[in-house]
Amino acid sequence: MRILLVEDEVKTADYLRKGLSESGYLVEVAHSGLDGQHLAQEHAFDLIILDVQLPGLDGWQLLQIIRRTQQTPVLFLTARDAVEDRVKGLELGADDYLVKPFSYAELLARVRTLLRRGPPREVEHFLLADLHLDLLRRQVTRQGQRLSLTNKEFALLHLLISREGEVLSRAQIASQVWQMNFDSDTNVVDVAIRRLRAKVDDPFSLKLIHTVRGMGYTLAVQP
Amino acid sequence: MKRWAPSALSVRLALMFALVSMLLLGAIGFYLYHALHKEIAWRDDQALLGRVQRMQAILTDSRSIEALRERPQLYENMLGNRDNLLWVVDAAGQVLIEINPPGLPRPTLPATATAQLADDPNGAPLRLAWQNMERGEQRLTLIAGKVLSEREQMLAAYRLKLGAALGCGMVLAFALGWLVSQRGLRPVRELAQRTAAIDSQHLHLRLDEYHSTAELQALSQALNHMLARLEGGFGQLSRFCEDLAHEMRTPLSNLMGHTQQTLQRERTVAVYEDLLVSNQEEYERLARMIDSMLFLARTEQAALNVQPVDLHALGEQLCEYFEGMAEERGVVLRNEADGELLADADLLRRALANLLANALRYGAPGQPITLSTRREGERLAVSVHNLGPVIGVEHLPHLFERFYRCDPSRAQPGDSGGLGLAIVRSIMQAHGGEVRVRSDEGGTAFVLVFAA
């Protein structure tokens, strides 16, 4: 998967390039709008990550130029999160946006979602090692043993297993499980994970829920 | 098209003064002129009638008309001057006596037994009185007349004087009006000068109150109130900037100090990892602070997305969210909220979440936290109540200020950086409601009051 990153901030561009490369993507970096335009027209990319504040040709203009010829998914980054800015980006044809400062886990999740082609599969059964989640019957078993989870614990595990291997930030989890779209400055998510672990991981030797320090949580066989 | 009007208020006032005096003086002059005109006409008429009567008496006494014609001085004296005319005409239309210095044609008049008055039917400036009389077999018509030109001249002179007086009056009224309004508007100029001296550096200055002028007093008071509000807002803003800079220093100094200390010598990977994780926590704290600040800055002028909110369902959602934390502290969350409210659901959820988080953070372990609703007449009050340490009375008025902490040493890494309650208050202000707090032995309650 090839990603074009247009970002004039050298440090930002640098760590994003490193991070995305580590996640297995081929990353091309452009430090100005014109370079970005050139690269986007010369090569085919699967995703373009675009900073809005760029010297010369700004992100909005570049987005318009790109949209004239191609439908490559575009994720834009902005430090201004006024509603008008977001709406403008989406109206110009961007697919998603992130407001700086964003969590790297969040960026990775958005990139994965945008690169996932086609409609999301309607999965009813999830299987990870000896953990099995049946969405229709709302049942969770490990090593064949039925685990009794509350509604929210089930929703949390469902989120983790449907994004298996991805690191989910606390804000993402709070938003998806409880529809809390703001940072409530509490350790609600940590407590919920702790309680889920007590039921899903603690009785078994193979641990599946992992804490990624400084980022969030992930469900995987190997951290 | 813009109507022309002088820009200076004093000139405008003076013009209005002049206009008003013109109308007034004009009306008075018109009345006086007409009164005089009528009076003179009446006197002339009376004189004419008197003359006709006297002529009648003379004619009745005299032996013959001829005798009278012989002695013209008899009536000539009586007639006096060139303005007066007299005809005595018999039934055949023959003029017996004619005194007519201006040589005007004799008017033909209808017969009348009693004395009549009329203007000259030929159109000459002449006022006439006439009467028919019988003298033996003779039927005579006596006509006395007065030429009006002298009267007209006098009245014309009078009109001219009136007009001149009116003009002078207007000019005088304009000049006086201008002087008076210049003088009267002096406080306005002073007010403008004083106001011009006030800028952001001198917001503490106030305008003198003009107790003598009710209008200016109201204006200067209103301006002073505005200044007080501006000064308050300005002060709050600069205090806020100061607080903000101060609040950012703590995490930044942690970041710098910890990083420098770690870099002083080679460390194990675990130490570097610890440093990075610790840094990450500080970064998140800064990011949260910036988010909250932006939120505060925007809520105060944001358009609300108002919709009916089911309070019980919202309470359930929040209780589910805080369930885990509550259970760990042995706290039971009671949702006694009920009813429906018109509000911005996201903002209301955020306000209640902040209050519940505070209640969990500061409430006594093992005691219940209650979310309830109550009608207060027209208004709806949503309250979060917990048992726990009483908040000192001295803190209560400041609780909703940004960055206020009851105990400055108790800043926790996970807390909202002292912005949680400020956010609650600004959400309530955006809704046109208010937030109240009560804290005593019976527990601490934060109440959101919504106007119906």
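In what follows, chains are A, B, ... by sequence order, proteins preceding strands, each numbered from 1.
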Check the pair B:E328, A:R194 against salt bridge (charged side-chain N to carboxylate O under 4.0 Å, His left out), reporting the backbone distance first and the verdict last.
CA-CA 11 Å; B:E328 291 207 335; A:R194 193 152 62 224; 2.7 Å; yes
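Atoms CD and OG1, on B:E323 and A:T150 in that order, are 6.5 Å from each other to the nearest 0.5 Å. Rounding to the nearest 0.5 angstrom, the gap separating the NZ atom in A:K152 from the CD atom in B:Q317 is 7.0 Å.
Sorted by first and then second residue, the pairs that involve residues 6-17 of chain A and meet side-chain hydrogen bond (donor to acceptor under 3.5 Å, both in side chains), not counting sequence neighbours, are A:E7-A:K100, A:D14-A:R17. Counting only residues at least two apart or in different chains, salt bridge (Lys or Arg N to Asp or Glu O under 4.0 Å) contacts with residues 208-222 of chain A comprise A:R213-B:E273, A:R213-B:D274.
Contact detail for B:M325 and A:V191: the closest heavy-atom pair is N-CG1, 3.7 Å. Scanning all heavy atoms of the two residues, the minimum distance from A:V188 to B:Y321 falls at CG1-O, 3.1 Å.
Only the side chain of B:E284 comes within contact range of chain A, with at least one heavy atom under 4.5 Å from a heavy atom of that chain. Contact annotation for B:L294: only side-chain heavy atoms (C-beta onward) come within less than 4.5 Å of a heavy atom of chain A. Both the backbone and the side chain of A:Q179 come within contact range of chain B, judged by heavy atoms closer than 4.5 Å.
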Extract all donor-acceptor atom pairs below 3.5 Å that involve side chains of residues 332-343 of chain B and protein atoms in other chains or at least two apart in sequence.
{"from": "B:N335", "atom 1": "OD1", "to": "B:A337", "atom 2": "N", "distance (Å)": "3.1"}
{"from": "B:N335", "atom 1": "ND2", "to": "B:H312", "atom 2": "O", "distance (Å)": "3.0"}
{"from": "B:N335", "atom 1": "ND2", "to": "B:E316", "atom 2": "OE2", "distance (Å)": "2.8"}

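Under the 4.5 Å side-chain criterion, counting only non-hydrogen atoms from C-beta, B:R350 is not in contact with A:M180.
Scanning residues 254-271 of chain B against chain A with a 4.5 Å heavy-atom cutoff picks out nothing at all.
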